[in-house]
Amino acid sequence: MARQNTVFKEAYNRYAVALRTDTALPSEPEIAAQLGVSRSTARAILTRLSEEGIIRWNKRQKTVLRQPTDRDLFPSEETDSLHDIIERSFMQRILSDDAAPGMQINELELAREIGTGTTSVREFLIRFSRFGLIEKRPNSHWTLKGFTREFALELADVREMFELHSAAEFGRLPRDNQAWTDLATMREEHLAMLADINQRFKDFSVLDERFHLLIHRASKNRFIADFYDAIAIIFHYHYQWNKTAARERNERAIHEHLDYIAALESGDQAAIEKACRVHLRSARQTLLQSLPQIATESV
């Protein structure tokens with residue numbers, strides 16, 4: 001229900017801001033297709049717009065009465081992008097205790113669970129499938145191939161190549177670049193989390209993803225940005241595979257991030273490479289140790 005509510009709010013905001021006074025609205029199926037959501041979600045959007053006096057809904061006729069204001073919209077903290085919602089639901093499925101190689105993933109079932117249309121789910125699965133973790137089957141079915149040790153090692157290798165390059169480029173940015181201000185803000189967020197680590201250690205995966213994304217943006221390489229987006233999904237969620245010693249593991253990673261930030265701020269390329277390699281080596285070990293299928297194998 002929570003996921004469906006988030007999909008509704010995000011889609012409602014997207015649709016509301018595009019409305020123009022005195023225009024006629026299309027049918028529910030057309031609105032659902034336009035927003036990439038289910039018909040029931042489209043109907044809920046129209047119902048709220050009508051209740052708020054934004055549209056007049058008389059059977060098949062739907063007319064915009066006024067422009068929505070900021071007060072008509074859901075606050076940003078209550079919404080996520082549709083891509084993020086699908087990603088989160090998908091990863092929760094393949095990281096569940098019941099997930100195992102050969103597990104079937106049904107597009108329609110996943111779409112119903114999220115409260116969105118199958119097209120959006122299918123697009124996400126097709127994009128994710130190029131990494132070999134899932135495989136397409138007939139009749140809108142997909143098969144989980146399993147997150148093997150070899151897959152994890154290959155993923156870590158690619159990540160290291162990308163990040164070493166991106167970190168070096170970050171260190172060369174002009175000092176008036178916005179990235180330096182963002183990095184300083186990121187340092188303060190790490191320090192704040194460290195000061196309250198007992199209560200906030202579970203929040204680290206989100207901070208980790210944002211930190212590494214900031215570094216990769218410095219590369220200005222469209223291929224790195226595209227591939228890292230998918231790689232980050234795995235590294236963002238790998239902390240949830242094994243919660244053993246999660247607090248200690250995340251605290252250590254925060255300290256490594258702070259050393260990494262200090263190296264970036266120094267502009268010393270040798271220091272940047274060293275800090276980057278130290279952290280990525282730890283991330284590789286954590287990833288391998290976090291996977292149930294390979295937990296008993298040696299790193």
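Note that the numbering runs from 1 along the sequence shown for the chain. As the structure is a prediction and not an experimental result, all values here were calculated from the model.
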**Request:** State whether the side chain of Thr116 and the backbone N or O of Gly36 hold a donor-acceptor pair below 3.5 Å, judged by distance alone.
**Result:** yes
**Prompt:** Is any side-chain heavy atom of Leu25 less than 4.5 Å from a side-chain heavy atom of Leu19?
**Reply:**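 The answer is yes, as the side chains (C-beta and beyond) meet within the 4.5 Å cut-off.
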**Request:** Taking the side chain as every heavy atom from C-beta outward, state whether Leu153 and Arg284 have any atom pair closer than 4.5 Å.
**Result:** yes
**Asked** Should we count NZ of Lys136 as having more than 12 external heavy atoms under 6.0 Å?
**Response**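 Yes, enclosed.
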**Prompt:** Are more than 12 heavy atoms from other residues, nucleotides or ligands located less than 6.0 Å from atom CZ of Arg175?
**Reply:** yes
**Set of ring pair (Phe, Tyr, Trp, His ring centres under 6.0 Å) partners for Phe201, sequence neighbours left out** = none
**Prompt:** In chain order, what residues pass the ring pair (Phe, Tyr, Trp, His ring centres under 6.0 Å) check against His216, with sequence neighbours excluded?
**Reply:**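 His216 satisfies ring pair (Phe, Tyr, Trp, His ring centres under 6.0 Å) with Tyr228 once adjacent residues are dropped.
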**Request:** Evaluate the ring planes of His279 and Tyr260, with Trp represented by its six-membered ring, and classify them as parallel (under 30°), tilted (30 to 60°) or perpendicular (over 60°).
**Result:** tilted
**Message:** Is the ring pair Phe128/Phe124 parallel, tilted or perpendicular, if the boundaries are 30 and 60 degrees?
**Reply:**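 Answer is parallel, since the angle falls under 30°.
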**Asked** Can you list the steps and then say if Leu49 with Tyr12 is a side chain to side chain contact (heavy atoms under 4.5 Å, CB included)?
**Response** CA-CA 9 Å; Leu49 290 171; Tyr12 176 86; 3.5 Å; yes
Does [X] share a hydrophobic cluster with [Y], counting links as ILVMFWY side-chain heavy atoms below 4.5 Å and allowing steps through other members?
X	Y	answer
Leu73	Ile45	no
Leu164	Ile224	no
Leu280	Leu183	no
Leu191	Leu207	yes
Ile54	Val17	no

**Asked** Between His257 and Phe204, does the ring centre distance come in under 6.0 Å?
**Response** yes
**Item:** Test: Arg48 and Glu51 ion pair at under 4.0 Å
**Value:** no
**Item:** Working for side chain to side chain contact (heavy atoms under 4.5 Å, CB included), residues Ile105 and Ile134
**Value:** CA-CA 9 Å; Ile105 301 169; Ile134 58 175; 4.1 Å; yes
How far does [atom1] of [X] sit from [atom2] of [Y], to the nearest 0.5 angstrom?
X	Y	atom1	atom2	value
Thr143	Arg137	OG1	CZ	4.5 Å
Leu213	Asp208	CG	CG	11.0 Å
Arg39	Ser27	CZ	OG	7.5 Å
Thr63	Arg56	OG1	CZ	6.0 Å
Leu125	Ser129	CG	OG	8.0 Å
Asn13	Asp72	CG	CG	10.0 Å

**Request:** Evaluate the criterion salt bridge (Lys or Arg N to Asp or Glu O under 4.0 Å) for residue pair Arg277 and Glu273; output intermediate values, then yes/no.
**Result:** CA-CA 6 Å; Arg277 287 188 182 278; Glu273 181 177 346; 3.0 Å; yes
**Message:** If you apply the rule side chain to side chain donor-acceptor pair (under 3.5 Å), what do you find for Asp259 with His255, and how did you get there?
**Reply:** CA-CA 6 Å; Asp259 290 341; His255 281 293; over 6 Å; no
**Request:** Evaluate side chain to side chain contact (heavy atoms under 4.5 Å, CB included) for Arg252 paired with Thr286, printing each intermediate quantity in order.
**Result:** CA-CA 11 Å; Arg252 182 176 67 251; Thr286 302; 4.2 Å; yes
**Request:** Can you tell me which residue pairs pass the ring-ring contact (aromatic ring centres under 6.0 Å, His included) test with a partner in residues 154-174, sequence neighbours excluded?
**Result:**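 ring-ring contact (aromatic ring centres under 6.0 Å, His included) check on residues 154-174 returns Phe170-Trp180.
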**Prompt:** Are a donor atom and an acceptor atom from the side chains of Thr185 and Asp182 found within less than 3.5 Å of each other?
**Reply:**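 There is no such pair between these side chains.
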**Message:** Evaluate Glu251 against Arg247 for salt bridge (Lys or Arg N to Asp or Glu O under 4.0 Å), listing each step before the verdict.
**Reply:** CA-CA 6 Å; Glu251 182 177 7; Arg247 180 201 174 284; 2.8 Å; yes
**Request:** Apply side chain to side chain contact (heavy atoms under 4.5 Å, CB included) to Ile31 and Glu28, showing your working.
**Result:** CA-CA 5 Å; Ile31 294 173; Glu28 290 175 25; 5.6 Å; no
